[in-house]
Amino acid sequence: MASLLIQNARIACEENDDLTPADVLVENGTITQIGDQLQAPEGAKVIDASNKILMPAMFDTHIHMREPGQEAKETIKSGSEAAINGGVTGVVLMPNTSPAIDSAAMVRTIYDIAKRDARIPVYTSGCITKGREGKELAGIDGMLKLGVKMLTDDGDAVPDLLLLKHAMEYASEFDCFFASHCEVLELSGPRALNEGVVSHRLGIQGTPACSEEICMDRDIRLAHATGARLHIQHVSSKIGMETIRWWKQMGAKVTAEVSPHHLLFNEEDIGDYDTHYKMNPPLRTAEDNKALLEGLKEGVFDIIATDHAPHTPFEKSQDFVNAPNGITGLETSLISLFHYFVKTNEFGWGLIVNRYSAQPRRMMGLDPVPITEGGKADFLLFDPEGQTTFSSDYMQSLSKNTPFLDKTLDGSIDLVVLGDEVLLER
Amino acid sequence: MTRKDLLDIESLSREEIELLLDQAGPFKDLFTRSVKKVPALKGKSVLTLFYEPSTRTLSSFEVAAKRLSADVTNFDVPHSSVVKGETIKDTIDTLQAMRTDYIIVRNKMPGLPQMIARETKACVVNAGDGAHAHPTQALLDGFTFREVFPELTGKKILIVGDILHSRVARSTSTLMRKLGVEVAWLGPGSLVPKHGPKEIERFTNYEEAMRWAPDCIYLLRVQMERQSVQYFPSLREYTKLYGVTPERFKRIADQGTYIMHPGPVNRGVELCDAVMDYDRSLINQQVENGIAARMAVLYWLKPDTPTS
């Protein structure tokens, strides 16, 4: 694509919720002009974006692509196509593959596959411990030398505090940070749902919120003591949010993420054992939803991340306790955030651009991609008047385990551009 | 007023519960006749699918189905393809192909009967799913309680023991409350759920619970296997604090309080021997009523299977 002219767009930025009307000209992958009534160069592709919103593309730091090891659920190829479909042009993979990403060799393997199969940049995190077993430190230096920034045993907390302390003391010397999936396994039980009225009604031992909160406090305390940077993954409870707020006020080097599903759903949605609402940490209460939203708006949560966790229909059709945890998120996140929060004036586009595009990139040591002259073209066009039905055909992920399956929400992603390539146009 | 499945008590209305209890009465009367069968389900097939060991519930369902003239097949789970790794979904497909009319299922997984019910046209009866529900036990308990107390509103039942893991406690509490009976729970703090219905009184002390003046004490079986997780320090301590000891039994007998128990009983743990001979013990009556209540359930449900 030599050049692309987007006319009559409304441009979103992270600084505020204003949408600035303008035409945007892209030449050879770079935004060369922003202004009124721009003339299309000869041969340029022209897109009428009247009433549509042009914004920096999203970046998701919490993605499971299941390759290697569980390619029936997702591959780097299908996962990156799902990302594009959801307006996401950069992802960070979690290392709980099989084998786990715990060495330079595994990081290299991921990057080789991504180079071959993915149309977007794919980054990976690396394990803290070998095989995520919590027993021996992983090959940290080798992974960091290949550009890994985030170390995590995601899916599990590191149970051995002394080992975690040593990891933090060792690795804080390098340019990296830790990410914690917070959970005290002894308190978690079968890891199926929140301990509360719904677990009582369904007769399943629930996981109390304190399982997550105790671990969160523990890990932040340890990071604070060792000077390590720590990121808390998918916070699900009000006290968890307050814990992070308190530690930030104490000056701890801690960041945190919230997922769309923990903002949108709660334990009541499980209804009659619907495994599409089974995730870890589990969905908690309506009061927690409210607190998490408040935390997002106030900046307690630095980023939004989906914890995109594909599973096959067969696996999710098991009984509730045995069905695997997690739902897909890459393709539904932006549209659901618009439908439930932007449209209802809970927050504006500025927050989305900041928490789901700019801040995640900064966290990973990358530059944000604002719509600005001289900047790289890395954006999407969103139609607030459109609608999207999340049918099996629409979704590019190999897995369809989402509560939004076959539901229609307002908003559609009509165009995704990265550099000089149009990744998606509908 | 019919349904395809009986999966829990929560989804039943008071009218439906009363209808079932009313229907159990004539079935119980049948037991005293020389011919104990009626042809109500003649030609219908009933399949029992028990993934957990059970003696009394399985036999009770089998007798109930046979007294309704149904053909009963016990799906032999320990010798079935399930042990070869067949998934529940595959099993359901197999059952569907067998065109059975009723499936009676017991499994340790909460919600499994719901899952089967969604996938099959046969009537599904939950015979116990993990700690979730045991609706026919609740119905037989309600039937038994109503035999003693025809006017239920305002009566009081105290359920004692491991409430947390007990599907019996959940279903029977729900049914009793729906019928206007006041329910209280007594047990170790670690085994009495915090998140249950607010209307249920909680006691952790026997003295307080007895001052509440229950009309009936429903003792739950202490599940010995739970002891590995240390919900309480020892069986001896459990009996001391929550068991019907000879001293407590004297007071219970003096107050004329009835005793119920879903069985099997751990003698010397949740109750002392003397309780078994107590004239206000309803334990054997519960077993007999189980057959009548289950007959009423099978008679009431209507399968969606083809009739021609």
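Computation of the quantities below employed the complete heavy-atom set of this structure, encompassing side-chain atoms and omitting hydrogens, waters and symmetry-equivalent molecules. Chain A is the first sequence line, chain B the second, and so forth, proteins listed ahead of strands; every chain is numbered from 1.
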Self-check item: Side chain / backbone / both / neither for A:Glu195 at chain B, heavy atoms under 4.5 Å
Solution: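 Contact with chain B is through both the backbone and side chain of A:Glu195.
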Exercise. Apply side chain to side chain contact (heavy atoms under 4.5 Å, CB included) to the pair A:Asp272 and B:Arg118, showing each step before the final yes or no.
Key: CA-CA 11 Å; A:Asp272 201 10; B:Arg118 275 196 294 270; 4.1 Å; yes
Quiz prompt | A:Tyr273/B:His132 under side chain to side chain contact (heavy atoms under 4.5 Å, CB included): CA gap, chis, key distance, verdict | solution = CA-CA 11 Å; A:Tyr273 303 97; B:His132 173 229; 3.0 Å; yes
Exercise. Kindly indicate whether the side chain of A:Arg201, heavy atoms from C-beta on, has any atom under 4.5 Å from the side chain of B:Arg170.
Key: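 Heavy-atom side-chain distance check fails, nothing below 4.5 Å.
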Quiz prompt | B:Pro110 and A:Leu202, any side-chain heavy atoms less than 4.5 Å apart | solution =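 A:Leu202 vs B:Pro110: side chains apart.
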Exercise. Return the minimal non-hydrogen interatomic distance between A:Asn322 and B:Met109, and the atom names on each side.
Key: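 That closest heavy-atom pairing would be ND2-CE, 3.2 Å.
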Practice problem: Measure the spacing between CE of B:Met115 and CD of A:Gln318 and express it to the nearest 0.5 Å. | Solution: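 One gets 7.5 Å once the value is rounded to the nearest 0.5 Å.
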Quiz item: When rounded to the nearest 0.5 angstrom, what is the spacing between CG in B:Leu164 and CD in A:Gln205?
Solution: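 It is 7.5 Å, given to the nearest 0.5 Å.
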Quiz item: Counting heavy atoms not belonging to A:Lys238, are there more than 12 under 6.0 Å from its NZ?
Solution: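 Result for NZ/A:Lys238: open.
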Exercise. Specify which of B:Gly196, B:Ala133, B:Gly130, B:Pro197 makes the most heavy-atom pairs with chain A at under 4.5 Å.
Key: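 Ranked by heavy-atom pairs under 4.5 Å with chain A, first place is B:Gly196.
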Quiz prompt | Under 4.5 Å from any heavy atom of chain A - which part of B:Glu119 | solution =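 It is neither, since no heavy atom gets under 4.5 Å.
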Quiz item: In terms of heavy-atom proximity below 4.5 Å to chain A, should B:Asp129 be classed as side chain, backbone, both, or neither?
Solution: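 Only the side chain of B:Asp129 comes within 4.5 Å of chain A.
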